Amino acid sequence: MMVRTRFAPSPTGYMHIGNLRTALYAYLTARRHDGTFILRIEDTDQERNVPAALAAIYKGLQLAGLEYDEGPDKDGGYGPYVQSQRLDIYHEYAEQLLEMGGAYRCFCKKETPLAEDDAPVRRDPCRLLTDTQIAEKVAAEESFVIRQRIPEEGSTTFTDHVYGEITVENAQLDDQVLLKSDGFPTYNFANVVDDHLMAITHVMRGQEYLSSTPKYNLLYQNFGWEIPEYVHLPLIIKEDGTKFSKRLGDPSFEDLVSMGYLPEAIINYIALLGWSPGNDQEFFTLAELEKIFSIDRINKSSAAFSFDKLTWLNGEHIRALSLDEFHALAQPYYPDALNAYDTRKISELVQVRTERLTDIPEMLSFFEEVPDYEIEMYEHKKSKCDPEISLVILSGVVPVLEGIETWDNDHLFEVLKAYGQEKGYKTGTVMWPIRTALSGVGATPGGATALAEVLGKKESLRRIQDGIAKLKTALE
RNA sequence: GCCCCCAUCGUCUAGGGGACCAGGACGUAGCCCUUUCAAGGCUAAGACCGGGGUUCGAAUCCCCGUGGGGGCACCA
């Protein structure tokens, strides 16, 4: 059987994290079985349609690396792939359903409540309208919707790949609207028609659709269509247990990227939220996931999104980059003033220490300018260092440095280490004041000699002289 | 309110009757390495929601309870 899966977002203007994971799982399922991955746009809500949202969907999928085989701009013979362009199709099938008795016209006003708390369904008087009554109302051009006629008796059972067999009493199901009075279908109708017409084999969607699935099954049965494989996905929540929602300020996929997370790290992380490979591997590329992803290993319970773990995984992906790749990604985050230095060299120092690309500017700010630090900065127990010793060392080291011709990390380290040995200092005791004078901050990417190499001889000596002056003033 | 689903360390998870005094990862703490900070290595603390069954034996199967989530729109 040819596997066909689809990602069917509504154009809201951004890629919700839950949607991204649905897209990813659908994509992976298709790829794993050499199937087809389809993009379909569900724009049946005229009020929620956001202009330019289509572009956001394209961009999001591209950023994520999820290439679709069929879609609005990629005809595969099952189009159109935009629901607002399929209106006549829905009308045709709605008409069919009407004739078969699986649906009926409802002329009630929008506000008319059809359900009560303990009797959620079947209060609609229009259900009992005679043909003549209907004809009269239609002739009078009363506006109406088309509702699904749910059987009064019996129950409906369906099987979901992750949740197993689920049975619901038909009495619990409501006569949902299939076709709205504006002529647009609801999701509840369009998804069934389209999934069938587009020959979708695995319907993958969020768990929130679990409770309406029996109604979809009834529709498939009415039409005599084959029921697809259902794969409902557990919800993604926050660590406090509440919903992960853009409206509540939680980031979208695009937001995460601008927060300094790599798309491939986000994808990797999302894949693990609700699915596990069954072994201890956690680092995955998309290509690897395409080979091993399996529906059978999807979890039932909802998963909390952990920024801590995403951040760690992002660091792993960053470290897995080649220096060239990292340099290209990091450069936009470098302050302009850094152009005076060898930024590639800086990238080398920074790569292993970067968890998010957005951490970079802060990490590097001292290159631009040494902050006005306190002399307590020269106090460091582990390096056996304090301001007094620092002054001695910095003063002693200046002539040595001035004499150095080959100004690179290895050579500088060699010379300074030897200087320490000669004077009876631990290497750390010599390096600490130098590193401090060069940067003015407590932690730097790279040690004293690495910083000195990047800063160059002249600037390094200038900063050390500044440090000496600062110490002298403070200690007098 | 009614219906449906879920339940292993703080978090993501492995586990599908004996191999489990429950394994891995993130986070946390400590140590090692070390030219600061990271990275890396090692170690530690940390969980089977509760109660009944079934069974020689249950984290694993069944029931009840509790807790959490989802649905009940002319939204998807």
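The structure presented is a predicted model; accordingly, all values stated were derived computationally and were not measured. Lettering follows sequence order; numbering is per chain, from 1.
- Judged by a 6.0 Å distance limit and a 45° cone about the ring axis, A/K246 is positioned over the six-membered ring of A/Y14.
- Within 4.0 Å (heavy atoms only), A/G446 reaches at least one base atom of the nucleic acid.
- Remark: B/rA7 base-pairs with B/rU66. Criterion, Watson-Crick or G-U wobble with two distances under 3.5 Å.
- To the nearest angstrom, C1' of B/rU36 lies 6 Å from NE2 of A/H380.
- In this structure, A/E239 places its CD atom 13 Å from P of B/rC9, rounding to the nearest Å.
- Between A/K426 and the options A/K384, A/Q421, A/M431, a side chain to side chain contact (heavy atoms under 4.5 Å, CB included) holds for only A/K384.
- When each of A/F305, A/F283, A/F253, A/Y261 is paired with A/Y269, the ring pair (Phe, Tyr, Trp, His ring centres under 6.0 Å) condition holds for A/F305 and for no other.
- In this pair, A/F413 lays its aromatic ring flat on the base of B/rU35, centres within 5.5 Å and planes under 30 degrees apart.
- At least one donor-acceptor pair closer than 3.5 Å links the side chain of A/H91 to the backbone N or O of A/G183.
- For B/rC33, there is no paired nucleotide, since no Watson-Crick or G-U wobble pair has both relevant distances below 3.5 Å.
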| For A/Y187 and A/Y209, what are the C-alpha separation, side-chain angles and deciding distance, and is it a ring-ring contact (aromatic ring centres under 6.0 Å, His included)? | CA-CA 11 Å; A/Y187 166 86; A/Y209 294 101; 4.9 Å; yes

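- A/Y209 comes within contact range of at least one nucleobase, with a heavy-atom separation under 4.0 Å.
- The listed nucleotides are B/rA39, B/rG70, B/rA76; the one nearest the side chain of A/V352 is B/rA39.
- Rounded to whole Å, atom P of B/rC5 lies 22 Å from atom CD1 of A/I236.
- Nucleic acid contact class of A/R205 (heavy atoms, under 4.0 Å, all strands): none.
- In this structure, of B/rA76, B/rC6, B/rU35, it is B/rC6 that holds the atom nearest to the side chain of A/K300.
- Comparing the same atom, C1', in B/rA7 and in B/rC49 gives a spacing of 7 Å after rounding to whole Å.
- Checked by distance alone, A/S211 brings no side-chain donor or acceptor within 3.5 Å of a matching partner on the base of B/rC3.
- Atom name C1', nucleotides B/rG17 and B/rC12: the rounded distance is 26 Å, in whole Å.
- Comparing B/rC6, B/rU35, B/rC5 by their closest approach to the side chain of A/A448 singles out B/rU35.
- Remark: B/rA44 base-pairs with B/rU28; criterion is Watson-Crick or G-U wobble with both hydrogen-bond distances under 3.5 Å.
- Counting non-hydrogen atoms under 4.0 angstrom, A/T444 reaches a base of the nucleic acid.
- Within 4.0 Å (heavy atoms only), A/Q281 reaches no atom of the nucleic acid at all.
- When distances are taken from the side chain of A/E282 to each of B/rA25, B/rC74, B/rC4, the shortest belongs to B/rA25.
- Among B/rC75, B/rC5, B/rA25, the nucleotide with an atom closest to any side-chain atom of A/K180 is B/rC75.
- If you check every strand for non-hydrogen atoms under 4.0 Å, A/K243 touches sugar and phosphate atoms only.
- Ring geometry, A/Y341 versus A/F367: the interplanar angle falls from 30° to 60°, so the pair is classed tilted.
- For the pair A/N299 (side chain) and A/S276 (backbone), a donor-acceptor distance under 3.5 Å is absent.
- Checked against B/rA73, B/rA25, B/rG71, the side chain of A/W312 finds its nearest nucleotide in B/rA25.
- Across all strands shown, B/rA19 has no partner, as no Watson-Crick or G-U wobble contact with both distances under 3.5 Å is found.
- The pairing partner recorded for B/rG57 is none, the criterion being a Watson-Crick or G-U wobble arrangement whose two distances lie under 3.5 angstrom.
- Taking atom CD on A/E414 and atom C1' on B/rU35, their separation rounds to 14 Å, with Å as the unit.
- When both distances must be under 3.5 Å, the Watson-Crick or G-U wobble mate of B/rA38 does not exist.
- The residue A/T44 sits close only to the backbone: its heavy atoms come under 4.0 Å of sugar-phosphate atoms, none of a base.
- Counting only heavy atoms from C-beta on, A/S212 has its side chain closest to B/rA76 among B/rC72, B/rU36, B/rA76.
- Two residues are said to be in side-chain contact when any heavy atoms from C-beta on lie closer than 4.5 Å; A/V145 and A/T186 fail this criterion.
- Nearest-nucleotide positions on RNA chain B for A/K215 and A/E42 put A/K215 closer to the 5' end.
- Computed from coordinates, the A/L235 CG to B/rG68 C1' distance equals 12 Å when rounded to whole Å.
- A/W275 places its CH2 atom 20 Å from the P atom of B/rG24, with the value rounded to the nearest Å.
- Between the CG atom of A/L313 and the C1' atom of B/rC12 there is a distance of 11 Å, given to the nearest Å.
- Closest to the side chain of A/R353, out of B/rG27, B/rC5, B/rC37, is B/rC37.
- One finds a side-chain N or O of A/R297 lying less than 4.0 angstrom from the OP1 or OP2 phosphate oxygen of B/rG15.
- Map A/A303 and A/N409 each onto its nearest nucleotide of RNA chain B; the residue landing nearer the 5' end is A/A303.
- Residue A/V145 is classed as a base contact, given a heavy-atom separation below 4.0 Å to a base.
- With distances taken from any side-chain atom of A/D308 to the nucleotides B/rC37, B/rC26, B/rA73, the minimum falls on B/rC26.
- In this structure, the CG atom of A/D45 is 9 Å from the C1' atom of B/rC74, given to the nearest Å.
- Pair assignment for B/rC72 gives B/rG1, based on Watson-Crick or G-U wobble hydrogen-bonding distances that are each under 3.5 Å.
- For A/N299, counting side-chain heavy atoms from C-beta on, the closest listed nucleotide (B/rC37, B/rU13, B/rA76) is B/rU13.
- Residue contacts shown for A/S181 include a base, since a base heavy atom lies under 4.0 Å away.
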